[in-house]
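Have a look at the structure below before the remarks.
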Amino acid sequence: MTILSATALVLPAASLGPENPLAPLRTQQELHQVENLAGLPDELRENIQYGRLHSTLPCLNQDGYDRSLVDTTFPALVLENDHLRATLLPSLGGRLYSLVHKASGQELLYRNPVFQPANLALRNAWFAGGVEWNVGSTGHWTGTCASMHAARVEGADGTPVLRLWELERTRNLVTQLDFWLPESSEFLYVGVRLQNPSASEVPAYWWSNIAVEQAPETRVLVPADQAWRYGYSRRLDLIDVPRYEDSDLTYPMRHGRAVDFFFEPLAGERPWIASVDASGHGLAQVSTERLRGRKLFVWGEGAGGRRWQEWLAPGLAGSGYAEIQAGLARTQMEHLKLPAATSWHWMEAYGRMSVDPVAAHSDDWRTARGAGAEALRPVLDELPVREREWLAVVDAAPVERLAVGSGWGALELARTGWSVSAGTPFAEDTMTSRERAWLPLLDGRLAAVDGVPDGTLVGWRELLEKAADNWLVWYHRGVARHYDGDVDGAVAAWLQSGDNPWALRNLGLVTGDLSYYEHAVALRPDLVPLVAEAVAAALDTDVARAERMLESAPDDPRIRLLRVRHAVQTGDPQSAHDLLAEGIQLATVREGANPLTDYWREAEEALGTNRPVPPQYQFGMGGN
């Protein structure tokens with residue numbers, strides 16, 4: 001019997017904190033740049049050059065989290081039969097948090113014992129573990145730490161289907177995930193559909209990121225003899241599988257540093273990937289043909305990689321995790337063209353794999369991957385049938401609401417009148433006061449209330465340009481113009497917006513005139529993201545101005561890091577060292593950046609000492 005139930009999951013958790021009200025006019029530093037584009041195959045190069053996201057608007061950044069873990073209750077939805085128990089978190093991007101094989105008691109995923117956001121996603125906040133669904137653009141998606149709608153749907157076989165859906169706001173894609181566990185099945189089926197309801201082509205991107213526990217004997221099996229290697233050298237290089245740098249790349253713990261391997265699909269082979277232990281048991285993921293890409297990501301066994309794993313899972317026990325992933329394209333640098341008024345769908349399946357350990361760990365790669373394919377043949381053969389059965393209910397209306405996502409989908413339907421499947425409704429009652437505040441703009445007005453402006457609905461630019469003037473309308477006009485590349489028009493609009501910290505900050509960022517920044521800080525000296533951004537900009541060219549803003553800056557790790565930078569720049573390495581020695585727990589340290597180590601070494605060099613970098617500051621992930 002298959003049961004769908006609602007429960008509560010209690011985890012030690014950091015507070016996600018408030019969104020950053022500063023408009024993300026630009027994305028965070030892009031880690032997935034490719035330096036050798038000219039030498040790549042035409043299709044791969046064209047896909048990489050197409051569809052890059054230059055801003056996460058209308059979404060605001062999520063960087064208000066901390067590192068204080070407190071027992072916190074998260075809503076959870078459980079789908080189980082006699083063989084599997086799947087636990088999902090609708091308030092955290094629909095994350096498949098746990099998948100337990102009941103007969104063996106084995107947890108098939110890496111289940112993070114805490115919720116600790118870190119700066120790895122498009123909007124900053126991301127957390128490790130389980131299976132994450134990434135849609136929209138390169139990077140961990142804008143909804144990874146946000147709520148999704150959830151409901152029960154009647155399955156074709158009479159068993160319940162758990163449906164999750166939401167509007168991905170940067171591309172306006174309706175994202176649907178249907179979780180189905182037939183009564184006798186030892187695999188969890190996940191039907192995925194992306195609906196583009198607009199009249200325009202949209203860049204499409206999808207990767208299912210699957211965290212699995214690793215051990216020295218863990219091996220990844222995949223039907224591929226070549227892979228595109230990508231590391232911090234920012235090159236895509238085609239290499240052979242499995243031998244790489246005098247080692248076997250399919251063993252995650254044999255890598256010294258972080259690296260991605262995007263496997264080149266073998267002609268005639270159906271798509272799958274698996275991670276198995278020394279005894280040949282582990283998790284397998286298979287899919288229908290549209291989801292062709294497969295990847296292995298490892299943090300590496302160097303100091304930086306281990307530090308990142310501990311950072312993402314404080315109190316980490318064991319050997320940590322690796323990720324096996326599945327995507328629409330061959331690599332995560334690519335976007336595909338999803339035509340107007342078109343939907344794409346595919347089916348995935350997740351379950352326990354058992355393969356002869358001698359074959360799985362054979363030195364002969366063809367023997368190993370062949371054994372994996374043979375072990376998965378039954379589920380691969382059955383998958384097209386399961387997909388057809390799922391498609392019979394893909395548009396079925398939900399019969400019971402289990403969780404409520406955002407009201408942004410309902411708001412967009414109110415503006416556009418788009419035709420969206422009855423299976424993924426965006427009911428008017430899902431709109432909160434936040435979304436309803438925009439409804440008057442449909443009639444040409446937007447109330448200029450005092451307070452913090454929301455993320456600009458950049459797709460509503462035409463309505464903003466026609467709306468009655470006030471400071472808030474001019475502010476949003478400026479953001480929408482900047483998003484569309486009209487920088488001069490944006491500056492003109494923000495000047496019209498007047499004496500408010502939001503327009504002034506944008507003027508400082510875009511024009512480089514630090515007086516705007518300083519004025520904005522004077523109006524909101526308590527707003528840490530604003531002060532930190534303004535001081536960082538001033539330290540580049542005007543240290544005296546930075547000092548003035550630091551005098552009354554709030555106490556926060558981001559501000560303390562800037563005080564370290566100021567001390568280094570002004571020839572006071574002892575103060576820099578003292579601040580670092582006291583300890584700076586910078587919650588938002590970014591993957592690929594290592595400022596704490598950099599400043600420590602600069603201070604040590606200036607002091608003529610050579611004290612080792614404290615372990616808690618070793619986030620370095622460089623290397624070729």
Side-chain angles (χ1 to χ4, degrees), residues 14 28-29 31 63 65-69 114 116-120 124 126-128 214 231-234 245 252-259 297-322 528 532 535-536 539-540 543 546 550 553 555-624:
Q28 300 188 71
Q29 180 184 3
L31 293 180
D63 59 6
Y65 51 87
D66 56 27
R67 294 194 61 82
S68 298
L69 300 180
V114 306
Q116 177 56 71
N119 186 4
L120 283 88
N124 190 311
W126 179 83
F127 67 104
Q214 64 179 12
Y232 286 88
S233 62
R234 297 183 175 180
E245 290 187 343
M253 291 192 69
R254 296 184 185 180
H255 297 277
R257 55 185 178 268
V259 64
F297 166 75
V298 297
W299 282 108
E301 297 307 300
R306 294 302 301 172
R307 177 60 178 142
W308 266 108
Q309 295 233 28
E310 293 163 357
W311 188 250
L312 293 165
L316 176 74
S319 299
Y321 74 96
V528 171
V535 170
L539 283 172
D540 288 337
V543 174
L550 280 171
D555 185 28
D556 181 271
R558 287 165 285 186
I559 302 299
R560 289 197 290 277
L561 182 65
L562 290 168
R563 295 188 188 280
V564 171
R565 178 182 167 188
H566 173 263
V568 169
Q569 287 186 206
T570 56
D572 186 6
Q574 187 60 55
S575 292
H577 170 79
D578 292 345
L579 284 166
L580 288 166
E582 288 175 9
I584 298 177
Q585 195 171 61
L586 187 65
T588 57
V589 63
R590 178 74 174 165
E591 181 191 5
N594 200 17
L596 294 159
T597 288
D598 294 341
Y599 292 143
W600 179 278
R601 288 174 174 162
E602 285 185 50
E604 289 297 306
E605 182 178 357
L607 290 169
T609 53
N610 191 28
R611 285 164 286 198
V613 178
Q616 66 268 27
Y617 293 164
Q618 292 180 358
F619 289 95
M621 300 298 294
N624 295 322

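Computed from heavy atoms alone, side chains included, the values below leave out hydrogens, waters and symmetry copies. One is the number of the first residue; the rest follow in order along the sequence.
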Euclidean distance, Q618 CD relative to E310 CD, rounded to 0.5 Å | 10.5 Å
Would you say the side chain of W311 lies within less than 4.5 Å of the side chain of V589, judging by non-hydrogen atoms?
-> yes
For A14, enumerate each residue passing the side chain to side chain contact (heavy atoms under 4.5 Å, CB included) test, keeping only those at least two apart in sequence or located in another chain.
-> D66, L69, Q116, P117
Taking all atoms of both residues into account, what is the closest heavy-atom pair of L562 and A532, and its distance?
-> CD1-O, 3.4 Å
Mind checking whether H577 and R611 have side chains closer than 4.5 Å, heavy atoms only?
-> yes
Where is the tightest heavy-atom contact between L550 and R563, given as atom of each residue plus distance?
-> O-NH2, 2.9 Å
In terms of ring plane angle, is the pair W308 and W299 parallel, tilted or perpendicular, where the classes change at 30° and 60°?
-> parallel
Answer whether the closest heavy-atom distance between the side chains of V535 and I559 falls below 4.5 Å.
-> no
For the pair Y321 and L312, evaluate side-chain contact (heavy atoms from CB on, under 4.5 Å) and give the outcome as yes or no after the intermediate values.
-> CA-CA 11 Å; Y321 74 96; L312 293 165; 3.7 Å; yes
Contact check, side chains of L596 and L580, non-hydrogen atoms, under 4.5 Å | yes
Closest non-hydrogen atoms of T597 and F619, given as atom of the first, atom of the second and distance, are OG1-N, 4.5 Å
Any chance you could measure N610, atom CG, to E604, atom CD, to the nearest 0.5 Å?
-> 7.0 Å
Taking the side chain from Y617 and the backbone from I584, do they hold a donor-acceptor pair closer than 3.5 Å?
-> yes
Q214 CD to R254 CZ distance, which is reported to the nearest 0.5 Å | 12.5 Å
Exercise: identify the closest heavy-atom pair between S319 and R306 = O-NH1, 3.0 Å
With sequence neighbours excluded, what pairs up with R67 under the salt bridge (Lys or Arg N to Asp or Glu O under 4.0 Å) test?
-> none
Does any non-hydrogen side-chain atom of V564 lie less than 4.5 Å from one of W600?
-> no
Would you mind checking if R565 and D598 are paired as a salt bridge, meaning a charged N to carboxylate O distance below 4.0 Å?
-> no
Rounded to the nearest 0.5 Å, how far does OG of S575 lie from NE2 of H566?
-> 10.0 Å
Backbone N/O of Q616 and side chain of R307: donor-acceptor pair under 3.5 Å = yes
Would you find more than 12 non-hydrogen atoms of other residues, nucleotides or ligands less than 6.0 Å from E605 atom CD?
-> no
Indicate the atoms forming the closest heavy-atom contact of D63 with R558, along with that distance.
-> O-NH1, 3.6 Å
What one should report as the nearest heavy-atom pair of Q309 and G320 is OE1-CA, 3.3 Å
Check whether any side-chain heavy atom of T588 sits under 4.5 Å from a side-chain heavy atom of Y65, and report yes or no.
-> yes
Under the side chain to side chain donor-acceptor pair (under 3.5 Å) test, which residues partner Q574, sequence neighbours left out?
-> D578
